[in-house]
Number of protein chains: 2
Amino acid sequence: MQSRKLALAAGLSLLAALPAFTWAQSKSAHPGTPEEEMRYKGAPVPIKPEEAKETLSPKAPPLSADEFARAKQIYFERCAGCHGVLRKGATGKPLTTDITLKAGTEYLKVFINYGTPGGMPNWGTSGELTEKDIDIMARFLQHEPPTPPEYGLKEMKASWKVNVAPEKRPTKKMNKLDLENLFSVTLRDAGEIALIDGASKKIVAIIKTGYAVHISRISASGRYLFVIGRDAKIDMIDLWMETPAVVAEIKVGLEARSVETSKYKGYEDKYAVAGTYWPPQFVIMKGDTLEPVKIVSTRGMTVDTQEYHPEPRVAAIVANHHKPEFVVNVKETGKVMLANYADLNNLKITEIATARFLHDGGWESTQRYVMMAANQSNKISVIDTVEGKQAALVEVGKIPHPGRGANFVHPKFGPVWATSHLGDETVSLIGTDPKKHPKQAWKVVQTLKAQGGGSLFIKTHPKSKNLWVDTTLNPETAVSQSIAVFDINSLDKGFKVLPIAEWSGLGEGAKRVVQPEYNKAGDEVWFSVWSAKNQQSAIVVVDDKTRKLKAVIKDPKLITPTGKFNVYNTQKDVY
Amino acid sequence: MQSRKLALAAGLSLLAALPAFTWAQSKSAHPGTPEEEMRYKGAPVPIKPEEAKETLSPKAPPLSADEFARAKQIYFERCAGCHGVLRKGATGKPLTTDITLKAGTEYLKVFINYGTPGGMPNWGTSGELTEKDIDIMARFLQHEPPTPPEYGLKEMKASWKVNVAPEKRPTKKMNKLDLENLFSVTLRDAGEIALIDGASKKIVAIIKTGYAVHISRISASGRYLFVIGRDAKIDMIDLWMETPAVVAEIKVGLEARSVETSKYKGYEDKYAVAGTYWPPQFVIMKGDTLEPVKIVSTRGMTVDTQEYHPEPRVAAIVANHHKPEFVVNVKETGKVMLANYADLNNLKITEIATARFLHDGGWESTQRYVMMAANQSNKISVIDTVEGKQAALVEVGKIPHPGRGANFVHPKFGPVWATSHLGDETVSLIGTDPKKHPKQAWKVVQTLKAQGGGSLFIKTHPKSKNLWVDTTLNPETAVSQSIAVFDINSLDKGFKVLPIAEWSGLGEGAKRVVQPEYNKAGDEVWFSVWSAKNQQSAIVVVDDKTRKLKAVIKDPKLITPTGKFNVYNTQKDVY
């Protein structure tokens, strides 16, 4: 930390000596969402830089073809996550040429080299980029951004495979698995998922998937498991087969985060939907084969300034229970799209104006209102899925990151939904019962203090009295390796800390504790202890009643486990 | 014609000597819609080339900054109308760099120089471009297309002016004009409209507007007149003032064609809407001030191949009478958008998949179904505005261009709606009465042969038995200067020809007869005899019953009259 501070100071004093140039005011000091965080580490990106069209801008300083290629590669790997592929800004500032040309090469070099207190990493002084690379990047940024290729129906169909046709699949469950208590676990850097039996804690199957599976979702019937990689590859797994396996697969774009399936009555298992970061769009597919049917672009106007945004990425998608609709979060424009799948040729979409930048979210307990986090606006948008409109926009803490959030009955204020935050240590509890608790509805009724910032997930269960808050991205090792747990009936008493990583019994390594997930019964909580690819990881299971260690799942095949999805809880949106 | 043929032959033999390269098959031999036609003549274009971002593509042959600037100018003036600003193709073929780089400079030069039988003009052999310009254009087309600037809320608001605030306007009609029989006449090249009294045929006012007003529309109450120029400037005229004048104005983009106002019960005069060619979007404004409220992008996926289109231009817009909706034709994607204006913060849009490339259209007689022309697909899409879906897609003649079409009761088949065509001499009559004539509904029940191709407008009136068909863009002077008229009760007997241009008594000049328009009573038809800006034009009024000349309107101020809009017929959608 000390060397970073010194580097920053040197950078800032250099800045003072340069001609005046004002960047847009930073909105946050946070290093980004988890996937953006991973980008910092130079993780491979799904977008292939060589596919992006190259253009040179006559007004910008010259760049050779080799330099352009190198800069594109670095940009997509390290910069695009925060600044956007087309540099319009999101977590990071905009880097469009109207800004960068005015800034000039020397100015840009300083920023890249030293970073900023606003969250820009110090690429030079950290040793991650050479002086030459920084010079190339500073010149590259003054040219128009190369645009990655589009990805339409033709490309999707070319990637689409049905490994087992619907008529060749079993007509009943052929295995003895307790499917409802099965866990689908992302093995992030292995490009796999593990299916783990909830009772025995044994790995039932390891299945090859796309890279860095972001989430698992379960079809309305509970039969099909859908996983999507960051490379936008979807695998559809039939849990009825003797050994569950991939029956259909498709690549729906170049980079993605979200998949969901239709849950409205009469449409169970009928459609799947996936949203992509690039291209900015979502696609509705047949629920039994993944055949792509309808692609919808999300490019459009931002919610506040109403200016065109070329890259509004699709974040979380949930399935409406009250209408045949998918609820689609569009990050950069700050809009929630309700896409009605009842008639795809005459497609009805309700575009709800909320706030930037929409990310994740989940249902309150009645499953009528869905709570969506606009993370850079520090707001939760409450979407009424019966009326098809925004019911409220609630100010919360800094950079809410609820995952799907946590629902419980507050002893004083009645039903609430909770989110933790990336940018501060608080947990915001929002009243969710407009009928019996109208005064509290859509207001923050209580703010708890947990361990620290960098929280990714918060969790409880209808049968539990515990509220779990992780702090995966907290810079302090002790904090990122432990969990805070509140007693819902005594929230004012503060939290207890459980040393999950220590309990895992793993050796050295930058292991982070991430994502509490309940079993079906609601009497166990599972935590990932996530280490590097070449180190051992584990899943720690805690008894919910006693808060004591119940089991540690370790296996050489359990490489970099992150998200865990209990089939029943995911299928029924229990959280 | 002879020299063009020779030039083509020379071009084609040169092509044969060049390496094989296949262009996408041409769909049409027509020179384009009227506005595209005007582009051929090098008419000034609203988009300022100097505002478009310049980029050079390393793989393309070099181009100096001066050459780039010159090429941009020529492209926007002469090529963009057919090929699209971003060169994705519409009436003209796509000219994206994946195609042009393979074609190469020599190949492209041949096409530009000699044109093609498919409708590409012979820019070189016609003398309109020099050899040097053609060489520049051939190289320019191998670089990525420069993108014109976006135009969002900020730009709109900067251009917005309320000349007379609503509270300062009269509370009742202050003039003695018979407003319902007033005509709003586009004076195309003067950047003006003329208001002409229907009874006296006298010019009541000449009002400065945007360039080349495309259409006039009347608010639901009949009080406000909206006109939009090709430069996307809207002028809102208060017809209640002692002398009608512009009370509000705004520029909604760089290039536009359509404006409309809300007509659903409870929303009369509440909103206006305008669609733009660039940027590809539409904007909903307050109906009394033109204050821009909501901008909606039309960029998205094409209807058939579901690939992303960056430039889906907004063509005709009509106001639904059954719901608070605007019906918006999106040309390049082939989609009709039903935009519901009841709740702009939770905006409901139904996106109906029809066919490419949507252009103009109008209501059948009951005003439940709107008939939209997909001109390059030779189809009419029947939109059911009660159900919010496509009722049928009807194959018609070559490049339908109905304007708003013509409704009448066919002696044998009952109610029909008619369109004429740009690409052939036919008139297609489509049955429009699914209740009493279900067999004929949404089928072509009869095809008439009129004078020739190049028709822009067809017209009748509920009180008339005449069906008028113009042939404005027909290459034969005798045909473009006259009108065909059918007797609705004896369609099989063919048409009579009236020599409208001759009746005007104008002297020499390439005068074209365009757009029959009825007066309110339905007993007179007005025709524009449209000459060049520096020549005299006229409006010829024909007695509908006798088909004899009734009056000729001539005035030095009547410069290049084209579209004429009778207030009552436009307000009530009578056609």
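Every chain is numbered from 1, with letters handed out A, B, ... down the list of sequences. Worth saying up front: this structure is predicted, and the values here are computed from it rather than measured.
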#### Entry: Within residues 289-310 of chain B or reaching into it, pairs that qualify as ring pair (Phe, Tyr, Trp, His ring centres under 6.0 Å) - sequence neighbours excluded
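Applying ring pair (Phe, Tyr, Trp, His ring centres under 6.0 Å) to every pair that reaches into residues 289-310 of chain B, excluding sequence neighbours, yields nothing.
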
Between [options], which has the largest tally of heavy atom pairs under 4.5 Å with chain A?
options: B/Leu347, B/Leu344, B/Leu338; answer: B/Leu347
options: B/His143, B/Arg299, B/Met156, B/Glu150; answer: B/Arg299
options: B/Lys294, B/Met337, B/Gln281; answer: B/Lys294

### Query
Looking only at heavy atoms, which two atoms of B/Ser377 and B/Phe357 are closest? And how far apart?
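Of all heavy-atom pairs spanning B/Ser377 and B/Phe357, the closest is OG-N, 4.2 Å.
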
### Task
Check whether A/Glu387 gets within reach of chain B through its side chain, its backbone, both or neither, counting any heavy atom under 4.5 Å.
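Backbone only.
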
### Message
Please enumerate all residues that pass salt bridge (charged side-chain N to carboxylate O under 4.0 Å, His left out) together with B/Glu351, with sequence neighbours excluded.
### Response
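Listed in chain order: B/Lys335.
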
### Task
For the pair A/Lys389 (side chain) and B/Asn346 (backbone), establish whether a donor and an acceptor sit closer than 3.5 Å, ignoring hydrogens and angles.
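No, the answer is negative, given that no donor and acceptor are paired below the 3.5 Å cut-off.
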
